[in-house]
Amino acid sequence: MSIISRNSPLPRYYQLKEIMREKIRGEEWKPGDLIPSERELSEQYGISRMTARQAITELVNEGLFYREQGRGTFVSRHRITQHLTQLTGFTQDMQARGQRASAHVLSARMWPADEKIAERLHIKSGDNVFRLHRLRIADGDPLALETSFIHFMGCERLLEEDLNAHSLYHLLDVKYGQPPLEADQELEAGLVGADEARLLKISVGSPVLYTRRTTYTERKQPIEYAASMYCGHKYTFYTHLQREHFVR
Ligand code: GLP
């Protein structure tokens, strides 16, 4: 299908969606490509701009396209898969995919833990923790926003580290003797607010995945509590499930 049929029982926006899907399947439109505007699509296919908008919006909601404020709509990149059974850090996940991970540190400081964080880290509320707020980037593409609260004896030494360039988990492994060994993690769906949307370069209200992770080192000692927000259209969380009891 490459034209929109007026006699078809299929609604026009639906036909346009199928045409655009085909362009992605056939690699005429590749990940990261800017797609034509509503006006261009409406002229090219002889449909109204509203119809073109509906088709684009549905493909944005399905994750095939993503919008960037003031720039237009793009074809989504292949999703990044995070395995939910292995404890990995962002840098390690990206390296496994042949991508270059980096971070833009938005703030790094010592911070008195509130009750919730103190409970997760098994410390007293008001105890000082190292608070790190980072935009996580893969090959120049913003993927996630993360706030980590780190606590161990001497954690204030992290203030001197260049966390724009270095992996936190790698530093904890090799320099601080606090290797992250296991974690409890929760996942939740949500919609992005205005400030985060600007940093992640997505439209306000786009779907995001929240994760909350408590990371432990030896003897199940908590060292990190991290709250992250991943762009919904760029990430897949993967779990392998096995049946425990099977009675024939
Ligand atoms: C993931 C986790 C964070 C963790 C980070 C470490 O993104 N959600 O809890 O802090 O990895 O990543 P890196 O080692 O690249 O700093």
Side-chain angles (χ1 to χ4, degrees), residues 31-35 56-57 59-82 88-97 99-111 113-114 116-117 120 129-150 158-159 161-171 183 185-215 224-237:
D33 279 359
L34 175 68
I35 67 151
I56 294 174
T57 303
L59 290 181
V60 168
N61 294 341
E62 287 174 31
L64 260 73
F65 293 157
Y66 63 98
R67 290 198 173 105
E68 280 194 10
Q69 252 161 357
R71 292 192 58 210
T73 305
F74 298 82
V75 179
S76 298
R77 291 179 196 283
H78 301 303
R79 284 165 170 260
I80 288 157
T81 305
Q82 189 183 122
T88 50
F90 186 88
T91 305
Q92 198 185 343
D93 287 340
M94 297 310 125
Q95 278 168 352
R97 296 170 40 83
Q99 289 190 281
R100 209 180 68 79
S102 61
H104 175 55
V105 174
L106 300 163
S107 77
R109 61 175 79 153
M110 294 310 287
W111 183 273
D114 64 20
K116 186 183 80 182
I117 289 156
R120 298 273 192 150
V129 298
F130 175 71
R131 179 185 184 276
L132 176 65
H133 186 34
R134 291 181 292 176
L135 176 68
R136 305 310 313 260
I137 301 162
D139 282 347
D141 197 17
L143 286 186
L145 278 165
E146 301 201 296
T147 309
S148 297
F149 300 87
I150 310 282
L158 285 166
L159 287 168
E161 300 293 349
D162 176 6
L163 288 156
N164 289 297
H166 296 129
S167 150
L168 174 66
Y169 279 8
H170 183 69
L171 286 169
Q185 184 165 282
E186 297 159 17
L187 278 184
E188 209 174 280
L191 301 176
V192 71
D195 292 346
E196 289 92 358
R198 190 173 39 79
L199 291 164
L200 292 168
K201 296 200 178 131
I202 53 178
S203 319
V204 180
S206 300
V208 286
L209 273 163
Y210 293 104
T211 67
R212 286 183 291 272
R213 178 186 286 187
T214 310
T215 317
E224 176 194 40
Y225 171 66
S228 313
M229 175 191 285
Y230 291 85
C231 291
H233 65 278
K234 296 177 185 167
Y235 239 88
T236 298
F237 288 88

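Quick caveat: nothing in here was measured; it's all calculated off a predicted structure.
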TODO: Determine whether the side chains of S228 and R134 contain a donor N or O and an acceptor N or O closer than 3.5 Å.
DONE: no
Find the distance between [atom1] ([X]) and [atom2] ([Y]) and round it off to the nearest 0.5 Å.
X    : Y    : atom1 : atom2 : answer
D139 : S102 : CG    : OG    : 8.5 Å
L171 : L158 : CG    : CG    : 7.0 Å
E196 : L135 : CD    : CG    : 11.0 Å
T215 : R120 : OG1   : CZ    : 10.5 Å
Q92  : S167 : CD    : OG    : 8.0 Å
I202 : Q69  : CD1   : CD    : 9.0 Å

Open item on the list: Main chain of V75, side chain of D33: is a donor-acceptor contact present, judged purely on distance under 3.5 Å?
Closed with: no
Open item on the list: Whether the side chain of K234 engages the backbone of P142 through a donor-acceptor N/O pair (distance < 3.5 Å, no angle test) should be reported.
Closed with: yes
For the residue pair [X] and [Y], what are the closest heavy atoms and their distance?
X    : Y    : answer
A113 : V129 : CB-CG1, 4.1 Å
F65  : I35  : CE1-CD1, 3.7 Å
R71  : L34  : O-CD1, 3.6 Å
Y230 : A144 : CD2-CB, 3.6 Å
A197 : S203 : CB-C, 4.0 Å

TODO: Kindly indicate, with the supporting measurements, whether the criterion side chain to side chain contact (heavy atoms under 4.5 Å, CB included) is fulfilled by T147 and M229.
DONE: CA-CA 9 Å; T147 309; M229 175 191 285; over 6 Å; no
TODO: Let me know which of R136, H166, H170 forms a side chain to side chain contact (heavy atoms under 4.5 Å, CB included) with T91.
DONE: R136
Would you call [X] and [Y] a side-chain contact if the rule is heavy atoms closer than 4.5 Å?
X    : Y    : result
L163 : F130 : yes
M94  : T88  : no
L168 : E224 : yes
L106 : L145 : yes
I150 : L132 : no
I117 : R131 : no
L191 : V204 : no

Open item on the list: So that I can tick it off, tell me whether R212 and E186 are bridged by a salt bridge, with the cut-off set at under 4.0 angstrom between side-chain N and carboxylate O.
Closed with: yes
